[in-house]
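Before any comments, here is the structure.
Hydrogens, waters and symmetry mates are skipped; everything else that's a heavy atom, side chains included, is used. Residue numbers start from 1 in every chain, and the chains themselves are labelled A, B, ... in the order their sequence lines are given, proteins ahead of strands.
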Amino acid sequence: MILVKETSSLLKEALVKIGEKTGMRQFPSPYLEIPHETRHGDLSTNVALQLAKQSGLPPLKIAEDIVKLIAFRSPVFSRIEVAPPGFINFFFKPEIFYPIINRIIREGSRYGCSNFGEGKRVLLEFVSANPTGPLTVAHGRHAAVGDAIARILRMAGYTVVKEYYYNDSGRQMELLGRSLYARYKEASGAKADIGEDGYHGEYLRELAREITNDEAKKDIDFFSSFAEKRIFAGIKQDLSEFRVDFDSWIKEKDLYESGAVDRVIEELRKAGEVYEEEGALWLRSSLFGDEKDRVIRRRNKEPTYIAPDIAYHHQKYERGFDLLIDLFGPDHHGYSPRLWAALTALGHDRGKLKIIIVQLVSLYRGKEKISMSTRKGEFITLRQVLHEVGGDVARFFFLMRKTDSHLNFDIELAKSESLENPVYYVQYVHARSASIMKVARENAIAPGKDADLSFLREEEEIAIMKKLAQFPDVITGCAKNVEPQPVTGYLQDLAKAFHNYYNHFRVINPDNQQLTQARLRLVVAVKTVIANGLTLLGIPPCEKM
RNA sequence: GCGCCUGUAGCUCAGCUGGAUAGAGCAUCUGCCUUCUAAGCAGAGGGUCCGGGGUUCAAGUCCCUGCAGGCGUGCCA
């Protein structure tokens, strides 16, 4: 919200003066909040309540003293009132919100950008699904969240690299190859023996049909790499359909081949953070906040899966980023302490690595829950959902809940092109605005730069302007918490304010050119902010519905 | 057993460092289309914020405790 700083410094000055008079030395830094209710003003503070105890004065008296000190210091307030039990409520004059409209139109797609991140470099790793099967709906949420976070951080002044890390080696790939081989044999009549740990999904059956008899004479390695290539191509295609792209792809195999895994184990050994026991190599992770020590190299000398992961994150640190962000599934949340432990043991600052848990997605068709089991290979793929509900709607739904909250995704609701669907509600504002602009053009009216905005006096208009002014703060808030969800809520709020306005007032009014001009400016500003918000979520705004 | 998360309206969820009469959408009911897109708007009803203690001028929010649900706790990834 604009003018928070100004109000805050006025408040601080007043507090200092009061401190001189009463001998109070310490006061809480004045916290201003935007009240829920408009009758409590545009900004509100509770400092007087906080000061009451240490000063021994009644809070109302303190509040009144503060108000007396600042009431006439600034021309921006229409009034400042004291409300029991001791709140101070600030009301701004409507005209101070006018400049925001011109600013939005001037800045266009840059409105909302800030230097909050001070150009810090962020490495954001997400999705990172292994090429053992098609992307699931859960991966879809990771993709939507990761991509939105990247966009938000960039808007807030960070430099972001989006990275995808995948395991293309070892036991997992061998199992994949064996599973595919079993499916191939099955196609020629044999019984498929995939085993407990194998991959049971239908997709391998389909892949098996594409293998020629000639190729099948080859070994398991052939089947592994065939499956990997085909599945990974499918993953990339799904991501591109979802319009989520990555700047960088890291393969686990490379970490082995470059010696990075051995090197990092050696480093830990030199640092004295590992020990041998029962033939295995253990990391002293319990010294660094983990519940227990962890094996990083098995008795058979094979590294455990954490070893390449340590090497990978070690490299992330050495690549010189200011902040590392990992998006994990909930099944990995017990994994973060040991990763942090390993990195701390290597002398890295664990505070630089932020791990975000992206909670599970449950699919519904109306009331009916769709049961899924990745292990049995029964799941709805991301592709199926994209084809059924469309990428834009899916993105919005994936981002509607807080990242670390469980998400219920109702496919019926997502498909419905009705008032129940929040995506259309927001898009509708953009389309409506575009439509108004079109009619204005047809009537040869343009939203002139010199429009006199003081014609915007309706309560609804002021409310929209206040909402528009909040957008940059919403973005920095999201960046600070690394959480895209508030953007969806903001867009819905702004959309509501606009639809309400639209239904009560006519923008284009041939009898009043000046009013029309001013209102058109407001509409352009709303359209711009809706577009910027949707773009942050990776959803293209539409001109027409 | 230990650790983490969740519990707010019939349903799905917001609720920012503790603040004012706990909010929104959907669902239900009632109104609004000769006017820039009705995929819209306005209004109404609907609550033991899981229970119980505590801290505070003030608790959905913080502390303790109990209950319910989910997850984690591999020389699997």
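Regarding A:I34, its CD1 atom lies at a distance of 14 Å from the P atom of B:G19, rounded to whole Å. Straight-line distance from the CG atom of A:L491 to the P atom of B:A14: 17 Å, rounded to whole Å. Nucleotide B:G25 holds its P atom 9 Å from the CD atom of A:Q492, rounded to whole Å. Put simply, CG on A:L363 is 16 Å from P on B:U12, counting in whole angstrom units.
Across all strands, A:R297 comes closer than 4.0 Å to no nucleic acid atom at all (heavy-atom distances). Using a 4.0 Å heavy-atom criterion, one finds that A:D410 contacts no nucleic acid atom at all. Using a 4.0 Å heavy-atom criterion, one finds that A:E278 contacts the bases of the nucleic acid, with or without backbone contacts as well. Using a 4.0 Å heavy-atom cutoff across all strands shown, A:N89 reaches at least one base atom of the nucleic acid. Nucleic acid contact class of A:H332 (heavy atoms, under 4.0 Å, all strands): base.
Taking 3.5 Å as the limit, the base of B:A77 and the side chain of A:T304 contain no donor-acceptor pair of atoms between them. Not a single donor-acceptor contact under 3.5 angstrom links the side-chain atoms of A:D493 to the base of B:A14.
Residue A:G334 is the one, among A:G279 and A:G334, whose nearest nucleotide of RNA chain B lies closer to the 5' end (criterion: closest heavy atom). Mapping A:P35 and A:L407 onto RNA chain B by nearest heavy atom places A:L407 closer to the 5' end of the strand.
Checking B:C13, B:U73, B:C75 against the side-chain heavy atoms of A:A280 singles out B:C75 as nearest. Nearest to the side chain of A:K496, among B:C13, B:C75, B:A24, sits B:A24. Residue A:R401 places its side chain closer to B:U12 than to any other of B:U12, B:G72, B:A77. Among the nucleotides B:A42, B:G19, B:G40, the one closest to any side-chain atom of A:N500 is B:A42. Nearest nucleotide to the A:H333 side chain, out of B:A77, B:A39, B:C71: B:C71. Of the listed nucleotides (B:G19, B:A20, B:C75), B:A20 has the atom at the smallest distance from the side chain of A:H40. Picking from B:G74, B:C41, B:C75 the nucleotide with the shortest atom distance to the side chain of A:R294 gives B:G74. Closest to the A:Q172 side chain, of the nucleotides B:G19, B:A77, B:C41, is B:A77. Ranking B:A24, B:C16, B:C13 by closeness to the A:E33 side chain, first place goes to B:C16.
Taking the centre and axis of the six-membered ring of A:F498, the NZ or CZ atom of A:R432 falls outside the cone set by 45° and 6.0 Å.
When the P atom is used for both B:G45 and B:G25, the distance is 15 Å, rounded to whole Å. Rounded to the nearest Å, the gap between the P atom of B:U12 and that of B:U30 is 26 Å. Comparing B:G3 with B:A9, their P atoms sit 29 Å apart, to the nearest whole Å. Nucleotides B:A14 and B:U73, compared at atom C1', are 33 Å apart to the nearest Å. Nucleotides B:G10 and B:C5 are separated by 27 Å at their P atoms, to the nearest Å. Comparing the same atom, C1', in B:C16 and in B:U61 gives a spacing of 11 Å after rounding to whole Å.
Taking side-chain N and O atoms only, A:K292 has a distance below 4.0 Å to OP1 or OP2 of B:G74. Within the 4.0 Å cut-off from OP1 or OP2 of B:C16, not a single side-chain nitrogen or oxygen of A:K480 is found. Taking side-chain N and O atoms only, A:N46 has no distance below 4.0 Å to OP1 or OP2 of B:A58.
Within the structure, the salt bridge (Lys or Arg N to Asp or Glu O under 4.0 Å) test picks out the following pairs touching residues 391-402 of chain A (sequence neighbours left out): A:D147-A:R395, A:R243-A:D392. The salt bridge (Lys or Arg N to Asp or Glu O under 4.0 Å) pairs that include a residue from residues 434-447 of chain A are A:K438-A:E442, where partners are two or more places apart or lie in different chains.
Looking at A:Y305 and A:R171, their side chains never bring a donor and an acceptor atom within 3.5 Å of each other. Looking only at atom types and distance, the side chain of A:T136 has a donor-acceptor partner in the side chain of A:H139 under 3.5 Å away. Residues A:D326 and A:H332 have side chains that never bring a donor and an acceptor to within less than 3.5 angstrom of each other.
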Grab the N/O contacts between the protein and nucleotides 31-38 of chain B below 3.5 Å, and write none if there aren't any.
unit_1	atom_1	unit_2	atom_2	d
B:U35	O2'	A:R506	NH1	2.7
B:U35	O2'	A:R506	NH2	3.0
B:U35	O2	A:R506	NH1	3.4
B:C36	O4'	A:R506	NH2	3.3
B:C36	O2	A:I508	N	3.1
B:C36	N3	A:V507	N	3.0
B:C36	N4	A:Y502	O	3.0
B:C36	N4	A:F505	O	2.5
B:U37	OP1	A:S435	OG	2.0
B:U37	OP2	A:S435	OG	3.0
B:U37	O2'	A:Y428	OH	2.1
B:U37	O2'	A:R432	NE	3.2
B:U37	O4	A:M545	N	2.9
B:A38	OP2	A:R432	NH2	2.4

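As the counterpart of B:U37, no nucleotide is assigned, since no Watson-Crick or G-U wobble pattern has both distances under 3.5 Å. Under the Watson-Crick or G-U wobble criterion, with both distances below 3.5 Å, B:G74 has no partner in any strand shown. Pairing for B:G51 is with B:U65, a Watson-Crick or G-U wobble pair whose two hydrogen-bonding atom distances lie under 3.5 Å. The partner of B:C13 is B:G23, by the rule that a Watson-Crick or G-U pair needs both atom distances under 3.5 Å.
With centres under 5.5 Å and a plane angle under 30°, the ring of A:Y424 is stacked against the base of B:A39. Ring stacking holds between A:F87 and B:A20, with the centres under 5.5 Å apart and the planes within 30 degrees of each other.
For an aromatic pair to be called close, the ring centres must be under 6.0 Å apart, and A:Y428 with A:H499 satisfies this.
Look at B:C33: its glycosidic torsion is within 90° of 0, and that puts it in the syn range.
Between A:P540 and A:Q427, the closest heavy-atom pair is O-NE2, 3.1 Å.
Of the options A:L494, A:L537, A:I530, a side-chain contact (heavy atoms from CB on, under 4.5 Å) to A:V426 is made by A:I530 and by none of the others.
Around CD of A:E388, the count of heavy atoms belonging to other residues, nucleotides or ligands within 6.0 Å exceeds 12.
Under 4.0 Å is where a charged nitrogen must lie from a carboxylate oxygen, and between A:E64 and A:K61 no such pair does.
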